[in-house]
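Each remark here refers to the structure printed beneath this line.
When reading the values below, keep in mind they use all heavy atoms of this one structure, side chains included, and skip hydrogens, waters and symmetry mates. As the structure is a prediction and not an experimental result, all values here were calculated from the model.
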Amino acid sequence: MPMIMLLRQIRLFSQVELSRLWLTRRGLMTLAATAVVWFFLLRYAIAPASEILQEPNFQKSLTAAFGMLGLHQLLNWPAPELTLYWMLSLILLPFLSLVFTANQLSSDAARGTLRFISLRSSRTAIVLGRFCGQLIVQLCLILLSLTATLAISAVRQGGISWQAIEAALLISCHLLIVLMPFTALMTVFSAWARSSRLALSLAIVSLGVAFGLLSWLIYHQPDTAFLLEYMPGAQIWQLIPAQGWQSLQLAALPLAQTAVFLLIAQQILSRRAL
């Protein structure tokens with residue numbers, strides 16, 4: 001298939017996923033649920049904790065307790081709200097990504113929709129288009145929640161600085177990269193399973209079994225501890241104290257994991273009877 005045609009089909013599938021978010025009842029319910037979750041997080045977690053984070057005594061305690069781990073660098077963010085948003089998002093969003101992206105291919109395959117779609121487009125375009133569409137949807141949700149966080153910071157400080165806007169852009173880039181392997185992993189399981197619920201269950205069980213086996217192996221062979229660095233999301237703990245655009249150098253591993261997962265998903269779908 002010519003590259004131009006492949007890119008066009010990927011764009012069309014991505015647009016379909018985006019329209020599902022903004023133009024369907026299920027998508028609007030997702031937006032509403034996301035808004036409710038982030039309202040409670042911003043109102044009852046991030047806003048009160050940001051005031052504590054600004055206290056000099058707390059900053060001294062944080063530096064003394066976690067200075068060797070580099071976590072004191074979290075105090076260098078231009079707004080404490082962004083610091084807390086950064087930490088919460090790195091922990092919560094990967095799991096939420098598994099839930100939100102579990103239905104990329106499975107339900108369409110069960111209904112026979114994929115058989116009709118594959119008559120006019122390649123299965124590679126289907127896999128990449130659905131994956132890119134899910135990434136765009138997640139980016140929209142990230143930007144909406146970041147905008148709300150910046151608004152709370154602006155109200156407290158009486159304005160917003162360019163440094164805060166730049167930090168928000170950096171956060172959105174990092175979070176999108178962090179979510180890529182998890183979204184691609186769900187592409188694999190949704191190409192294999194017959195329902196989104198089964199795909200989500202398989203993903204959670206597989207990650208748990210992989211971590212358990214690695215832990216057992218490391219216990220008996222400590223030299224293999226480096227294998228944990230190749231688990232999806234392993235770079236999150238390195239990202240927490242990261243600062244500046246140079247931290248994007250940590251993106252190589254999640255991008256490589258994403259490419260491998262998408263290749264596996266493409267091979268599964270190409271061999272699957274639709």
- Item | Results of side chain to side chain contact (heavy atoms under 4.5 Å, CB included) for Phe95 - residues two or more places apart only |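 Phe95 satisfies side chain to side chain contact (heavy atoms under 4.5 Å, CB included) with Val99, Ile204 only.
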
- Query: Quick one: does Ser270's side chain have a donor or acceptor within less than 3.5 Å of a partner on Gln267's backbone?
  - Reply: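 Yes.
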
Side chains of [X] and [Y]: closer than 4.5 Å at any heavy-atom pair?
X      : Y      : result
Leu228 : Phe211 : yes
Leu269 : Thr124 : no
Leu82  : Ser153 : no
Leu128 : Phe13  : no
Leu31  : Leu141 : yes
Ile46  : Ile152 : no
Leu207 : Pro232 : yes

Please output the side-chain donor-acceptor pairs of residues 175-184 that fall under 3.5 Å, not counting sequence neighbours, one pair per line with the distance.
from, atom 1, to, atom 2, distance (Å)
Thr183, OG1, Ser97, OG, 3.3
Thr183, OG1, Gln138, NE2, 2.9
Thr183, OG1, Leu179, O, 2.8

Using every non-hydrogen atom in the two residues, find where [X] and [Y] come nearest and quote the distance to one decimal.
X      : Y      : value
Glu17  : Gly133 : CB-CA, 3.6 Å
Ala199 : Ala102 : CB-O, 3.9 Å
Thr258 : Phe131 : CG2-CZ, 3.5 Å
Ser89  : Pro94  : O-CD, 3.6 Å
Leu146 : Ala168 : CD1-O, 3.3 Å

- Query: Which class fits the ring pair Tyr230 and Phe226: parallel under 30°, tilted 30 to 60°, perpendicular over 60°?
  - Reply: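 Plane angle over 60°, so perpendicular.
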
[X]-[Y] co-clustered via ILVMFWY side chain contacts under 4.5 Å:
X      : Y      : answer
Val36  : Leu41  : no
Leu185 : Val205 : no
Tyr85  : Phe39  : no
Val37  : Phe100 : yes
Ile91  : Leu93  : no

Inter-residue atom distance [X].[atom1] - [Y].[atom2], 0.5 Å rounding:
X      : Y      : atom1 : atom2 : result
Ile142 : His174 : CD1   : NE2   : 12.5 Å
Leu213 : Ile218 : CG    : CD1   : 11.0 Å
Gln104 : Ser196 : CD    : OG    : 11.0 Å
Gln257 : Leu255 : CD    : CG    : 9.5 Å
Leu143 : Leu169 : CG    : CG    : 8.5 Å
Leu105 : Met186 : CG    : CE    : 10.5 Å

- Should Cys140 and Leu18 be marked as a side chain to side chain contact (heavy atoms under 4.5 Å, CB included) after you check the CA-CA gap, both sets of side-chain angles, and the distance that decides it? CA-CA 9 Å; Cys140 289; Leu18 189 60; 3.9 Å; yes

- So, Thr149 and Glu81: side-chain donor and acceptor under 3.5 Å apart, yes or no?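 Checked: Thr149/Glu81 side chains show no N/O donor-acceptor pair below 3.5 Å.
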
- Query: More than 12 heavy atoms of other residues, nucleotides or ligands under 6.0 Å from CZ of Arg11: is that the case?
  - Reply: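 Buried by this count: over 12 neighbours within 6.0 Å.
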
